[in-house]
A.B. asks: 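Handing you a structure now.
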Amino acid sequence: MIADRDLAVDHEDRIFDSQFASLFDYLRGSFELTDNATERLHVVFLDHNRRYLDDSVIVNGSANHLAVRLRELFARALAINASGVIVAHNHPSGDCRPSRNDIKATERLRDIGQALEIELLDHLIFTREKAYSMRAGGIL
C-alpha cells in the first residue's frame with residue numbers, strides 16, 4: 001500500500017517526476033513480489049487532485065493472457081469517487097513492448113473512463129528488467 005502521497009500535476013497535466021517515480025517504484029516492487037509466470041493487472045485510484053486513494057489487483061491471468069473485467073475496475077473507481085486511474089500489468093515474457101491487445105485495451109479503458117469522467121493517466125507494462133509507459137510512448 002502506498003502512503004498517502006500527493007500525486008499532484010502541473011498546469012500541463014504532467015505528473016511530477018518525483019511523485020510519479022515513487023508510484024512507479026511501488027508498482028515495480030509489487031510485481032517483483034508476484035509469481036513471474038502469470039500476468040496481473042494492478043490499478044491505482046486517484047482523486048481529483050491526483051492524490052492517492054487506493055490500489056488493488058483487479059485480475060490475475062495466465063502466462064500470456066489477461067482477461068480484464070472493466071466493470072470491476074470502474075465500479076471500484078466510482079465507489080471511491082476516483083477521478084483518475086493508473087493501470088499497470090506485467091509481461092512474464094520479458095518483452096515490455098505493448099501487444100496489439102494491450103493497445104486496444106488501453107484505448108478501451110481510456111474511452112470508457114472518459115465517458116465516466118475518470119481519466120486514464122497511464123498504462124504501465126513491467127518486466128523484471130524494464131518498463132513501458134503508454135503515455136510516454138504516445139499511445140495515450
A.B. asks: Applying side-chain contact (heavy atoms from CB on, under 4.5 Å) to Val57 and Leu41, what does each step give before you reach the verdict?
C.D. replies: CA-CA 6 Å; Val57 174; Leu41 180 71; over 6 Å; no

A.B. asks: Could you give the distance from CG (Leu109) to CG (Leu73), rounded to the nearest 0.5 Å?
C.D. replies: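 Interatomic distance, Leu109 CG to Leu73 CG, rounded to 0.5 Å: 6.0 Å.
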
A.B. asks: Check this for me: does any side-chain nitrogen of one of Arg76 and Asp54 sit under 4.0 Å from a carboxylate oxygen of the other?
C.D. replies: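 The answer is yes: the pair qualifies as a salt bridge.
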
A.B. asks: Roughly how far apart are Ile86 CD1 and Leu121 CG, rounded to 0.5 Å?
C.D. replies: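 Answer rounded to 0.5 Å: 5.0 Å.
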
A.B. asks: Could you walk me through whether Phe24 and Leu124 pass the side-chain contact (heavy atoms from CB on, under 4.5 Å) check?
C.D. replies: CA-CA 9 Å; Phe24 184 88; Leu124 303 168; 4.2 Å; yes

A.B. asks: Rounded to the nearest 0.5 Å, what's the gap from CG on Asn90 to CZ on Arg128? Could you check?
C.D. replies: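 CZ of Arg128 is found 8.5 Å from CG of Asn90.
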
A.B. asks: Would Arg40 count as a cation-pi partner of Phe31, with NZ or CZ less than 6.0 Å from the six-membered ring centre and within 45° of the ring normal?
C.D. replies: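 Arg40 over Phe31 ring: yes.
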
A.B. asks: So, does Ser93 use its side chain to make a donor-acceptor pair with the main chain of Asp95 at under 3.5 Å?
C.D. replies: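 A pair under 3.5 Å: yes.
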
A.B. asks: Mind checking the CD-CG spacing from Glu117 to Leu78? Nearest 0.5 Å is all I need.
C.D. replies: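 The CG atom of Leu78 is 10.0 Å from CD of Glu117, to the nearest 0.5 Å.
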
A.B. asks: Take Asp25 and Ser22 through the side-chain hydrogen bond (donor to acceptor under 3.5 Å, both in side chains) test and state the conclusion after the steps.
C.D. replies: CA-CA 5 Å; Asp25 289 344; Ser22 295; 5.8 Å; no

A.B. asks: Tell me the closest heavy-atom pair linking Val85 and Ala77, and the distance in Å.
C.D. replies: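 Heavy atoms only, the tightest pair is CG1-CB, 4.5 Å.
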
A.B. asks: Quick one: pull up CG in Leu140 and CZ in Arg110 and give me the separation to the nearest 0.5 Å.
C.D. replies: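 It comes to 6.5 Å.
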
A.B. asks: Show your reasoning for whether side-chain contact (heavy atoms from CB on, under 4.5 Å) applies to His42 and Val87.
C.D. replies: CA-CA 6 Å; His42 196 125; Val87 299; over 6 Å; no

A.B. asks: Can you tell me how far apart CD (Glu39) and CZ (Phe126) are? Round to the nearest 0.5 Å.
C.D. replies: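 Here the rounded value is 13.5 Å.
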
A.B. asks: What verdict does the side-chain contact (heavy atoms from CB on, under 4.5 Å) test give for Arg50 and Glu119, after you've listed the backbone C-alpha separation in whole Å, the side-chain angles of each residue and the deciding distance to 0.1 Å?
C.D. replies: CA-CA 10 Å; Arg50 310 275 168 82; Glu119 184 178 2; 2.5 Å; yes

A.B. asks: How close do Ile118 and Ala82 get, counting heavy atoms only, and between which atoms?
C.D. replies: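 Reported closest heavy-atom pair: CG1-O, 3.6 Å.
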
A.B. asks: List the atom of Ser133, the atom of Asp122, and the distance in Å for their closest heavy-atom pair.
C.D. replies: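 Of all heavy-atom pairs spanning Ser133 and Asp122, the closest is OG-OD2, 2.6 Å.
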
A.B. asks: Check whether any side-chain heavy atom of Pro98 lies under 4.5 Å from a side-chain heavy atom of Thr106, and answer yes or no.
C.D. replies: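 They are not in side-chain contact.
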
A.B. asks: Begin from the C-alpha positions of His91 and Thr127 and carry the test side-chain hydrogen bond (donor to acceptor under 3.5 Å, both in side chains) through to its verdict.
C.D. replies: CA-CA 5 Å; His91 277 182; Thr127 67; over 6 Å; no

A.B. asks: Does the side chain of Asp102 come under 3.5 Å of the side chain of Tyr132 through a donor N or O and an acceptor N or O?
C.D. replies: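 No.
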
A.B. asks: Got Ile125 and Met134 here, is their nearest side-chain heavy-atom distance under 4.5 Å?
C.D. replies: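 Yes, at least one pair of side-chain atoms sits under 4.5 Å.
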
A.B. asks: Check for a donor-acceptor pair, side chain of Arg135 on one end and backbone N or O of Leu120 on the other, with a separation under 3.5 Å.
C.D. replies: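 Between the backbone of Leu120 and the side chain of Arg135 there is a qualifying donor-acceptor contact (under 3.5 Å).
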
A.B. asks: Going through the checks in order, is the side-chain hydrogen bond (donor to acceptor under 3.5 Å, both in side chains) test met by Asp47 and Tyr52?
C.D. replies: CA-CA 7 Å; Asp47 72 8; Tyr52 173 86; over 6 Å; no

